[in-house]
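Let me begin by presenting the structure, written as structure tokens, before commenting on it.
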Amino acid sequence: MNRQRLLWILVAANILVAFSSVSVEGFFGWTMPAALEAYRHARFVESPFSSPGDAFRFAMLATTTLCAFASWIGLLCSWKFARRLYLVSMAMSVFLLLISGPLVVTPIGAALRMVDGLLSGAVLGLIYFSDLARQFERGPAVRTAAATRATSSFVNTANM
């Protein structure tokens, strides 16, 4: 299978699972015991700006989300900095989990988070340890110039 196509599939699955895990938590929240559901509901309805800690966590969440979107787009467009940005977004996600306090999730949400972690690992393996890694080491102008030279040399030899 073409590695670029595999990257597209893995990134699309990563995006789908990441957002599915959030929506599954909202949909299957009724399956939790009453005390846990009350705790989750109380955390959900409180304002993200009610305390400095909550405001910081909200800012981290927004930054992590924007960083993840930029890294996904960058990976699909083969931007030079996309690999590092993907690693930064993953590190920020782990940091956000560490500072968020106790976490209550449904079994389906936990399973989707695990699948998301596996997909992220597969993306990392593909962009760092396969032949696709060379694509991120050169800038887009270098790749475009090389492709133009290869195309023009092919056209020149075909005309002879």
Side-chain angles (χ1 to χ4, degrees), residues 1-138 140 143:
M1 176 181 263
N2 182 359
R3 300 249 195 276
Q4 186 66 34
R5 184 180 180 110
L6 181 61
L7 179 65
W8 271 87
I9 292 169
L10 287 174
V11 168
N14 191 234
I15 294 168
L16 180 70
V17 169
F19 287 103
S20 295
S21 67
V22 173
S23 55
V24 159
E25 287 298 320
F27 184 74
F28 287 105
W30 61 270
T31 63
M32 303 194 78
L36 292 177
E37 180 55 34
Y39 172 76
R40 279 178 32 145
H41 183 70
R43 286 194 63 176
F44 181 74
V45 296
E46 83 180 16
S47 171
F49 303 110
S50 60
S51 72
D54 289 340
F56 178 72
R57 283 190 291 278
F58 182 74
M60 280 296 300
L61 176 64
T63 306
T64 302
T65 304
L66 291 174
C67 191
F69 271 114
S71 67
W72 286 326
I73 292 168
L75 287 174
L76 296 179
C77 294
S78 301
W79 292 342
K80 186 177 180 178
F81 62 87
R83 294 189 306 176
R84 286 181 290 242
L85 192 59
Y86 192 69
L87 281 175
V88 167
S89 73
M90 290 179 67
M92 288 171 61
S93 177
V94 170
F95 179 69
L96 184 62
L97 282 173
L98 288 174
I99 65 171
S100 290
L103 181 65
V104 177
V105 295
T106 63
I108 297 171
L112 285 175
R113 285 176 185 245
M114 182 67 69
V115 170
D116 184 47
L118 291 171
L119 287 169
S120 297
V123 169
L124 283 176
L126 191 62
I127 61 176
Y128 275 103
F129 304 114
S130 74
D131 56 347
L132 196 60
R134 285 176 287 187
Q135 185 171 323
F136 294 98
E137 293 169 359
R138 295 182 284 169
R143 279 196 310 276

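Given the structure is predicted, the values throughout are model-derived calculations rather than measurements.
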Distance-only criterion, 3.5 Å: show the donor-acceptor pairs between side-chain atoms of residues 9-23 and protein atoms not counting sequence neighbours.
from	atom 1	to	atom 2	distance (Å)
Asn14	OD1	Trp72	NE1	2.8
Asn14	OD1	Tyr86	OH	3.4
Asn14	ND2	Asp116	OD1	2.7
Asn14	ND2	Ser120	OG	3.2
Ser20	OG	Leu16	O	2.7
Ser21	OG	Ala18	O	2.8
Ser23	OG	Phe19	O	3.3
Ser23	OG	Ser20	O	3.0

Indicate every side-chain donor-acceptor pair of residues 105-113 with a distance under 3.5 Å to a residue at least two apart or in another chain.
from	atom 1	to	atom 2	distance (Å)
Thr106	OG1	Glu25	OE2	3.1
Thr106	OG1	Gly109	N	3.1

| message | Just checking Phe27: does its CZ atom have more than 12 heavy atoms from other residues, nucleotides or ligands closer to it than 6.0 angstrom? | response | no

When rounded to the nearest 0.5 Å, the distance separating CG of Leu76 from CD of Gln4 is 7.5 Å

message = Do Arg57 and Met60 make a side-chain contact, defined as non-hydrogen atoms from C-beta onward lying under 4.5 Å apart?
response = no

All heavy atoms of Asp54 vs all of Ser50, minimum pair found to be OD2-OG, 2.9 Å

- request: Look only at the side chain of Ser93 and the backbone of Ser89, and say whether a donor-acceptor pair between them is shorter than 3.5 Å.
  value: no

Scanning both residues in full, the closest heavy-atom pair of Arg83 with Ala133 reads NH1-CB, 3.6 Å

Interatomic distance, CG@Leu7 vs CZ@Phe136, rounded to 0.5 Å, equals 5.5 Å

Here the pair of heavy atoms bringing Gly29 nearest to Arg40 is CA-NH2, 3.8 Å

So CE of Met92 and CG of Leu96: to nearest 0.5 Å the spacing works out to 8.5 Å

Phe49 meets the ring-ring contact (aromatic ring centres under 6.0 Å, His included) criterion, sequence neighbours left out, with Phe58

Minimal heavy-atom distance between Ser71 and Leu85, with the atoms involved, is N-CD2, 3.6 Å

